[in-house]
A.B. asks: 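Quick one: this structure, given as structure tokens, is what I'll be asking you about.
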Amino acid sequence: MQLKDRIVLITGGARGIGRGIAQACLEAGARVMIADLPARDADWRYKLAGSEELARTVTELSPLGTIQSTTVNVTDGQSCDEAVKATVVAFGGVDVLVNNAGVVDSGAISNFSEAQWDRIFAVNTKGIFLMSKAALPTLKLSKHATIINTASIAGKQGYANMSAYCGSKFAAIGITQSLANELAADGIRVNAICPGMVGTAMWLDHLLPTNTTDNAGKDADFEALMRRMIPLGRPQTPADMGQAVVYLASAPNVTGIALSVAGGYEMA
Ligand code: NAD
């Protein structure tokens, strides 16, 4: 029970990697608030989560411990303030903030719109700033305060047709290092995880080159591709990311790192 009674707030927590982090934190004894968008946002390249997924995840994970949900749009400062407030009202504080919400889009720069670029940076980069700023006064009251950002292996290596996403994730690592230096005096540790390839909506509904449309077929194509690409021979899972977050949340002398969890695909 490495996180016994710690209070963990996870953005983008309704599904995918955020859900895996929530599960691992519950199993480590934490009380968990998952936060995600209020309604399905039809306006992106693939479907994002919404209140339905938030409610479903709370129901599914409740047997493991204390979990509640709140809505947030991490691109909106007031909404971030409200999500922190909801966590304080529910559990009395915040010890661990996990800035995990993110969006991906890919494409050659000549066809990439300014709106696509701005949205990626608004969620993946400005979202970290707004949520961290909103949570800071509350984190300062905690003896175990820590921020963990979900960056990416795309924050350590640039990939073709991914300039916005890679740029936003390099920035996430830069913000992590800056805040680690800045907040060390307050006893607040700041780290990042860098997931490799996890079969979530980002891959299965957008990045995966496949002609298959059914979910089982997409899963199989993803697995086969990752088995070939990744040294340890399998894709990463939300549980792998949860394990890394529990480690970083409970490692008292670790700050400023960007931990690749990528089966050896990215070794830096
Ligand atoms: P996902 O799409 O399943 O999860 C992302 C979550 O963020 C969704 O629930 C979505 O609704 C939420 N979100 C999007 N915009 C938001 C906003 N404005 N406010 C609040 N929530 C918002 O995909 P995932 O793979 O679970 O992604 C989680 C994180 O992991 C992201 O930061 C992503 O960039 C990162 N990541 C994923 C992979 C991968 O292979 N899947 C690899 C590296 C990094």
Side-chain angles (χ1 to χ4, degrees), residues 10-24 34 36-37 40-42 44-50 52-54 56-57 60-61 98 100-108 111-112 116 119-120 123-124 149-170 172 192-245 258-268:
I10 306 165
T11 68
R15 70 182 192 193
I17 289 173
R19 187 188 186 285
I21 294 169
Q23 178 163 347
I34 52 171
D36 214 301
L37 290 168
R40 278 203 172 283
D41 193 338
W44 193 239
R45 292 285 292 270
Y46 52 93
K47 281 182 182 161
L48 301 176
E52 255 175 56
E53 267 116 326
L54 274 174
R56 190 180 322 133
T57 295
E60 287 170 358
L61 297 187
V98 186
N100 170 75
V103 289
V104 72
D105 203 351
S106 58
N111 300 326
F112 214 75
Q116 285 166 292
R119 174 77 171 269
I120 287 174
V123 180
N124 299 3
N149 299 319
T150 303
S152 173
I153 58 168
K156 294 185 171 181
Q157 162 81 49
Y159 297 94
N161 300 317
M162 298 285 284
S163 55
Y165 187 74
C166 289
S168 75
K169 294 298 187 178
F170 269 75
I193 58 164
C194 294
M197 268 79 76
V198 188
T200 64
M202 285 193 176
W203 267 99
L204 301 178
D205 296 343
H206 179 61
L207 295 172
L208 183 68
T210 180
N211 295 322
T212 317
T213 49
D214 70 285
N215 288 342
K218 284 202 250 180
D219 282 342
D221 287 355
F222 179 72
E223 288 275 336
L225 180 65
M226 296 307 149
R227 267 202 303 276
R228 290 198 299 276
M229 283 169 58
I230 296 176
L232 285 179
R234 68 160 174 87
Q236 285 64 68
T237 63
D240 293 328
M241 303 311 142
Q243 186 181 40
V245 165
L259 178 63
S260 296
V261 185
Y265 186 80
E266 169 61 68
M267 297 194 180

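Hydrogens, waters and symmetry mates are skipped; everything else that's a heavy atom, side chains included, is used.
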A.B. asks: Could you measure the distance from the OG atom of S152 to the CD atom of Q157? Nearest 0.5 Å is fine.
C.D. replies: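 Separation between the atoms: 11.0 Å.
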A.B. asks: Just grab all the salt bridge (charged side-chain N to carboxylate O under 4.0 Å, His left out) pairs involving residues 202-217, residues at least two apart or on different chains.
C.D. replies: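 Qualifying pairs: D205-K218.
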A.B. asks: Does some side-chain heavy atom of M241 sit less than 4.5 Å from a side-chain heavy atom of V198?
C.D. replies: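 Counting from C-beta outward, V198 and M241 do come under 4.5 Å.
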A.B. asks: Using 0.5 Å steps for rounding, measure from the OG1 atom of T212 to the CG atom of D221.
C.D. replies: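 These two atoms lie 4.0 Å from each other.
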A.B. asks: Given the rule in the side-chain contact (heavy atoms from CB on, under 4.5 Å) test, do R56 and R15 qualify, once you have shown the distances and angles that lead to the verdict?
C.D. replies: CA-CA 9 Å; R56 190 180 322 133; R15 70 182 192 193; over 6 Å; no
A.B. asks: Do you know the tightest heavy-atom contact between W44 and Q116?
C.D. replies: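 In this case the closest contact between W44 and Q116 is CH2-O, 4.1 Å.
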A.B. asks: Please tell me if the side chains of M162 and V104 come closer than 4.5 Å, counting only heavy atoms from C-beta onward.
C.D. replies: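 Yes, side chains in contact.
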A.B. asks: Between C194 and A151, which heavy-atom pair has the shortest distance, and what is it?
C.D. replies: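 Closest heavy-atom pair between C194 and A151: SG-CB, 4.0 Å.
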A.B. asks: What's the separation between atom CD in E53 and atom CG in L37, rounded to the nearest 0.5 Å?
C.D. replies: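 E53 atom CD to L37 atom CG measures 10.0 Å (nearest 0.5 Å).
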A.B. asks: Say you draw a straight line from CD1 of I193 to CD of Q243; how long is it, rounded to the nearest 0.5 Å?
C.D. replies: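 Reported to 0.5 Å precision, the distance equals 11.0 Å.
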A.B. asks: To the nearest 0.5 angstrom, please state how far the CD1 atom of I230 sits from the CD atom of E223.
C.D. replies: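 If I round to the nearest 0.5 Å, the distance is 9.5 Å.
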A.B. asks: Rounded to the nearest 0.5 Å, how far apart are OG of S168 and CG of D105?
C.D. replies: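 The distance works out to 11.0 Å.
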A.B. asks: Does any non-hydrogen side-chain atom of I153 lie less than 4.5 Å from one of Q236?
C.D. replies: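 No - every pair of side-chain heavy atoms lies 4.5 Å or more apart.
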A.B. asks: Pair up each side-chain donor or acceptor in residues 258-268 with any protein partner under 3.5 Å, not counting sequence neighbours, and list the distances.
C.D. replies:
unit_1: S260; atom_1: OG; unit_2: K156; atom_2: NZ; d: 2.8
unit_1: S260; atom_1: OG; unit_2: A268; atom_2: O; d: 2.9
unit_1: E266; atom_1: OE2; unit_2: A268; atom_2: N; d: 2.9

A.B. asks: Identify the heavy atoms of G199 and L204 that sit nearest to each other, and give their distance.
C.D. replies: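 Answer, listing the atom of G199 first, then L204: O-CD1, 3.3 Å.
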A.B. asks: When you look at L207 and Y46, which way does the side-chain contact (heavy atoms from CB on, under 4.5 Å) test go after all the steps?
C.D. replies: CA-CA 10 Å; L207 295 172; Y46 52 93; over 6 Å; no
A.B. asks: Is the closest side-chain heavy-atom distance between V103 and N124 below 4.5 Å?
C.D. replies: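 Heavy-atom side-chain distance check passes, below 4.5 Å.
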A.B. asks: Do T57 side-chain atoms and A14 backbone N/O form a donor-acceptor pair below 3.5 Å?
C.D. replies: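 Looks like yes, one N/O pair under 3.5 Å.
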A.B. asks: Quick one: are I120 and F112 in side-chain contact, heavy atoms under 4.5 Å?
C.D. replies: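 Contact flag for I120/F112 side chains = yes.
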A.B. asks: Donor-acceptor pair, distance only, cut-off 3.5 Å: does the side chain of T11 make one with the backbone of N100?
C.D. replies: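 Judged by distance alone, yes, a pair lies under 3.5 Å.
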A.B. asks: Show, in sequence, the C-alpha distance, side-chain angles and deciding distance for R19 and I34, and conclude whether the side-chain contact (heavy atoms from CB on, under 4.5 Å) test is met.
C.D. replies: CA-CA 8 Å; R19 187 188 186 285; I34 52 171; over 6 Å; no
A.B. asks: Kindly indicate whether the side chain of P235, heavy atoms from C-beta on, has any atom under 4.5 Å from the side chain of W203.
C.D. replies: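 P235 does not reach W203 side chain to side chain.
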A.B. asks: Could you check whether atom CD of E52 has more than 12 heavy atoms from other residues, nucleotides or ligands sitting under 6.0 Å from it?
C.D. replies: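 Not more than 12 within 6.0 Å, no.
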A.B. asks: For K169 and T150, which heavy atoms make the closest approach, and how far apart are they?
C.D. replies: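 Distance-wise, the nearest heavy atoms are NZ-O, 3.0 Å.
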